[in-house]
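Note sheet for the following structure.
We count ligands from 1, going down the list as the structure has it; atoms in each ligand are counted the same way. Source: prediction; values computed, not measured. Position 1 is the first residue of the sequence; numbering continues from there.
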Amino acid sequence: MSKFNPISSMQIVTKCPMCDFKYDKNNIKVIDSKDGVITLYLNCQKCKGSMMMVIMAGAMGITSISMISDFMEDDLDKIEKSCVEYDDVLEMHKFLENK
Ligand SMILES: [Zn+2]
């Protein structure tokens with residue numbers, strides 16, 4: 001099996017949830033990638049909306065969590081220095097599973 005490629009897995013979400021504009025690969029950035037968990041930042045060219053997406057490749061297949069984010073690309077540096085955002089995403093996932 002070839003190396004897990006987050007961009008080729010983007011059929012999960014390829015369109016902006018706000019305006020339905022199709023994402024361009026150039027607007028998808030990999031923020032973090034480790035242990036089969038990939039965090040992506042997507043930026044819509046049309047409505048300028050941004051979104052965070054976490055993709056987990058596990059035994060159950062690929063799970064993805066996406067959420068609208070209101071931070072700008074310039075803020076990515078801050079996120080990289082903080083693990084809090086990351087934990088929040090996992091907590092949200094647990095919350096959704098329990099629903
Ligand atoms: Zn959009």
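In this structure, CD1 in Ile38 is found 12.0 Å from CD1 in Ile31, a value given to the nearest 0.5 Å. Of the inter-residue distances, the one linking Lys15 atom NZ with Cys44 atom SG reads 12.0 Å to the nearest 0.5 angstrom. Note that the CZ atom of Phe21 and the NZ atom of Lys48 stand 9.0 Å from one another [nearest 0.5 Å].
For the Zn ion (ligand 1), protein N, O or S atoms closer than 2.8 Å were enumerated as Cys16 SG, Cys19 SG, Cys44 SG, Cys47 SG, with waters left out.
Between Met51 and Tyr23, some side-chain heavy-atom pair lies under the 4.5 Å cut-off.
Of the candidates Asn27, Asn43, Leu42, Ser50 forms a side-chain contact (heavy atoms from CB on, under 4.5 Å) with just one, namely Asn43.
With sequence neighbours excluded, the residues forming a side chain to side chain donor-acceptor pair (under 3.5 Å) with Asn26 are Asp24, listed by chain and number.
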